[in-house]
Amino acid sequence: MVEKLTPVICPYCGVGCGLYIKSVNGRYAGIEYNYDHPVNKGSLCPKPNDLSFLNSPDRLRTPLKRSESGFKEISWNEAIKEVASRLKEVLNKYGPNALGFIASAKCFNEENYLMQKMARILGTNNVDHCARLCHAPTLAAMGRVTGVSALTASFEDVSNSEVIVIWGSNPAETYPVLMGRYILSARKRGAKLVVVGPARNRTAWHADLFLQLKPGTDIALANALMNVIVNEGLYDREFVEKRVEGFDKLIGVISKYTPEAVEGICGVPSFLIRQAAYTMASTRRGSLLWSMGVTQHIVGFRNVIALATLAALLGWYGKPGTCVGGLRGQNNVQGACDMGALAEFLPGYVKVTDDSGRARIASLWGVKELPSEVGLTLPCIFREAEVGKIKALYVMGENPVISEPNSNHVVDGIKKLEFLVVQDIFMTETARLADIVLPAAAWAEKEGSFTNSERRVQWSFRALDPPGEARPDLAILISIARELGLERYFPYSTAEEVLSEINNVIPSYAGITPDRLKKVVGGILWPCYSVDSEGVRVLHTEGFRTPSGKFMIIPVEHQPPAELPDDEYPLILTTHRVVGAFHTNTMTGRARLVAKRWPEAEALIHPATARRYGVGDGEVVKLVTRRGEYLVKVHTTDDVLEDVISVPWHWGANVLTNNALDPETMTPEAKVCACKLVKLGG
Ligand SMILES: Nc1nc2c(c(=O)[nH]1)N[C@H]1C(S)=C(S)[C@@H](COP(=O)(O)OP(=O)(O)OC[C@H]3O[C@@H](n4cnc5c(=O)[nH]c(N)nc54)[C@H](O)[C@@H]3O)O[C@H]1N2
Ligand SMILES: Nc1nc2c(c(=O)[nH]1)N[C@H]1C(S)=C(S)[C@@H](COP(=O)(O)OP(=O)(O)OC[C@H]3O[C@@H](n4cnc5c(=O)[nH]c(N)nc54)[C@H](O)[C@@H]3O)O[C@H]1N2
Ligand code: SF4
Ligand SMILES: [Mo]
C-alpha cells in the first residue's frame, strides 16, 4: 500500500487555498490541512473538506460517441480523429468564424493558453469562458480607469484596512476563508465593515452598517455617497489633485444624486447614506470589494466604474492596507483571463485589434498573422448558433446548459450545431447533447498552475491517477492540435513546457517559471517581470497604468434594469449562491457531506409576500418569467426585501433569468428580472 500526501490548490473558488490530498495507491483517500500555506494557514470551507466526487462512479472514463441508440464507447484514437476531422470539415466549408471554443476557469493556465492558441491559429477569436458571465465588467472597467483589471492589492491588505466595504457580494458563503481569515480578523482589530446589497445575507450579519438597496440601483447609491463625500469636503484632496483625471466632470453628474433624491430610487434611508459616506471617508486605508451583485447587470461595466471612482475619491489606491476590485470567482478565472481565453484579448490583455501587440504574439508563435476581429463572446456564441452562424463548438470544462441565463435558448442553439464536443470530468447536462464526449482528468490527477484573485500564481501537483482512460486536458488539446496539422505550434508534452512559452509571451508572467513555482508554497504574484523579482503585491504605487498615468474618472448615470415588474410579472427575481453548492453542482452534488446538507434549491421569499400568495415554508411553488418556468421550495425570511424572490441557481433556475446584455461587455443581467409566483394545487 502506497500512502502519499500531495500539495494541491483548492479546485473551487478564487481565494486559492492550499491543502494536501491523501492518496492510497493513487486513489483519493481524503485530505489534510496545509498549515504552512500563506493564503489559508490550514483553514478550509466546507467544500474541499469532502472531495469524494473524485472517486465517483459517475466519472467519465472513456471517450464516447453519440449513436442512434445512445452514447457508445470509442478509443482515444478514434475520438481524436473524429474531433479533428469534424472541426476541419466546418472550417473548410464555412471558414474559421463558424467555429467556437469555450475554455475553462476550472482548468490550468497552461490548458487555457493552449485552447485559445488553437482557436487563433485556426483563424478565429471566437474563444471565451465563464468570466463573461462573471467579471467581464470588472475587467473592462478597471482596465479603463486604472489600466489593470486585476485586484489592486492582496488579501493581506484587506486585513490591514480600517474600513472594508463589501458591495454586491456574499463572501461569508462564497469566499469563506477570505471572510474568516481576512475580513473578520480585520473587524476584530477594529475595522468597520460596510455591506451593500439587497439581501441581508450572511456577510451582512457581521456588518457595522448595512445598506439594503433595491436590486439594480447601485450607481444611484454610489453617486449619492460621492455626492456627500465631495460636498462635505471629505475626499482625499491630495490624491485627487495629483493622481486623478476628470474630477470636474464628475461633480456635474453627482450633484443631482443627493441622499434624499436617491432614497427614492434605491430605498436606503438618506441618513444611512450619509453615515456610510462618513464611515468610508474616516480613513485613507480602506478596501472596496465587489462581485456578482455588481457585475451581472446591463449596467455592470458602469457599476464598476462608479465603485472604482468612489474608491479613488477616498484615496484607496496604491498603498498597503488598501485593496479595490472584483473578487474573482472560479479557482482559475483570473488565470484564464490572463491567458487570453477571451474574445477580445490575446494573452496578457493584448487587444486583438492592437496591430503591434498582435504582430508580436504572431511572431512568437511563428505564424504570419492572427485574426484581428473581436470574436463572439459566450452568450453570443449560443445566439449565433441559433441562427446558424456557429456550426461547431468545442466546450472544455463548462456547463452552459445550466450556467447561462435564459438557458432554454442555449439548448436551442446547441441543437442547431453541426458538431459539439464536450470535454468534462462528468456527463453534464451540456455533455448529454454532444456528438463526442471526452473524459478529462480532474485537477488533482494532473498538474499545472492556477492564478487566484490576488494575482497569485500557484502550482498544483498531481496527487492521483485519473479514472479509466481519462486524460489531462493539456494532453487532449495537444493531440487534437496535432491531428489538425498544427504540430509545429504545439511542440509540447508537459505543462512546464507550456508555462515556459507563457513566460516568453506574457511579460507580467516572465519571472514565474515552472522551477520557481514548484518550489514556493503560495506561489508568486504577478506582475513579475524577471526571475529575480518576488512579484508585486500593491499595484499603482507610483502611477496608474492608463495613458496619462492617472486614474481616469468617467461619470456614470443610474439606469434601471432591462426588465422591471409589471402587472403580469409583479415580482423581482434575483439569483444567488449557497456555501455548500458550487455552480452547476457537478462536483459538490457528488460530494457526500455537501450534497446531503444542501440537497436542493430553496427560494427566499419575504413573509409578507408569501402571505399575500398564501404560501408557506417547504411548499413547492411555480416561478414563471417571460422565458421559462421553475418549480421550487419556499423558504420565508425577512432577509430579502418584500416582492423580491432570491433563488440559488445551482439547480437549474436559469430557465427563468434574463440574458439582456451589458452593451460594453456582453455580460448577461442574471441578477434582476420580472417574475410571477404561482401557487400549485389551489
Ligand atoms: N459556495 C460557492 N462559492 C462560490 C461559488 C459557488 O457557486 N458556490 N461561485 C464562485 C464564483 S464563480 C463567483 S463569481 C463568486 C460569486 O460570489 P458572490 O457575488 O458573493 O455570489 P452571489 O450569491 O451570486 O451574489 C452575491 C450577492 O449579490 C447580491 N445582489 C443581487 N443583486 C444585487 C444588486 O442589484 N446590487 C447589489 N449591490 N447586490 C446585489 C445578492 O444579495 C447576493 O448576496 O462566488 C464564488 N464562490
Ligand atoms: N443566474 C445566474 N447564473 C449564473 C451566475 C449567477 O450568479 N446567477 N453566475 C455565473 C458565473 S459568475 C459563473 S463563473 C458561471 C459558471 O458557469 P460554469 O463554468 O459553466 O459552471 P461550472 O459548474 O463551474 O462548470 C465547470 C465544468 O467544468 C467541469 N470540470 C471541473 N474540472 C475540470 C477539469 O479539470 N477539466 C475539464 N475538462 N472539466 C472540468 C465540471 O464538471 C463542470 O461541468 O455561471 C454563471 N451563471
Ligand atoms: S474559500 Fe475558496 S479556495 Fe478556500 S477552501 Fe473555500 S472554496 Fe476553496
Ligand atoms: Mo463566476
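In listed order, ligands and their atoms are each counted from 1. In this chain, numbering begins with 1 at the start of the sequence shown.
- Near V177, the atoms of ligand 3 lying under 4.0 angstrom from a non-hydrogen atom of the residue are 1 (S), 4 (Fe).
- Near K47, meaning under 4.0 Å from any of its heavy atoms, are these atoms of ligand 3: 7 (S).
- Contacts with ligand 1 closer than 4.0 Å are made by side-chain heavy atoms of K47 only, the backbone lying farther away.
- At a threshold of 2.8 Å, atom 8 (Fe) of ligand 3 has a backbone or side-chain N, O or S atom of C10 nearer than that distance.
- Close contacts between ligand 1 and T574 involve ligand atoms 31 (C), 32 (N) [criterion: under 4.0 Å to a heavy atom].
- Under 4.0 angstrom from ligand 1, the non-hydrogen atoms of H297 all belong to its side chain.
- Scanning the protein heavy atoms around atom 4 (Fe) of ligand 3, the nearest turns out to be C17 SG, 2.3 Å.
- If you look at A199 next to ligand 1, the close heavy atoms, those under 4.0 Å, come from the backbone and the side chain alike.
- Comparing T174, I166, T217 against atom 45 (O) of ligand 1, the shortest heavy-atom distance belongs to T174.
- Heavy-atom contacts of Q330 reach the following atoms of ligand 1: 12 (S) (cutoff under 4.0 Å).
- Looking only at protein heavy atoms, the nearest one to atom 6 (Fe) of ligand 3 is C45 SG, 2.3 Å.
- Under 4.0 Å from ligand 1, the heavy atoms of C13 that appear belong solely to its side chain.
- At a cut-off of 2.8 Å, C13 is not counted among the residues with an N, O or S atom near atom 6 (Fe) of ligand 3.
- Side chains of E404 and N654: no donor on one and acceptor on the other come within 3.5 Å.
- Nearest-heavy-atom check against atom 25 (O) of ligand 1 across R202, K671, H576 picks out K671.
- A cation-pi contact, defined as under 6.0 Å to the ring centre and within 45° of the axis, links R590 to F426.
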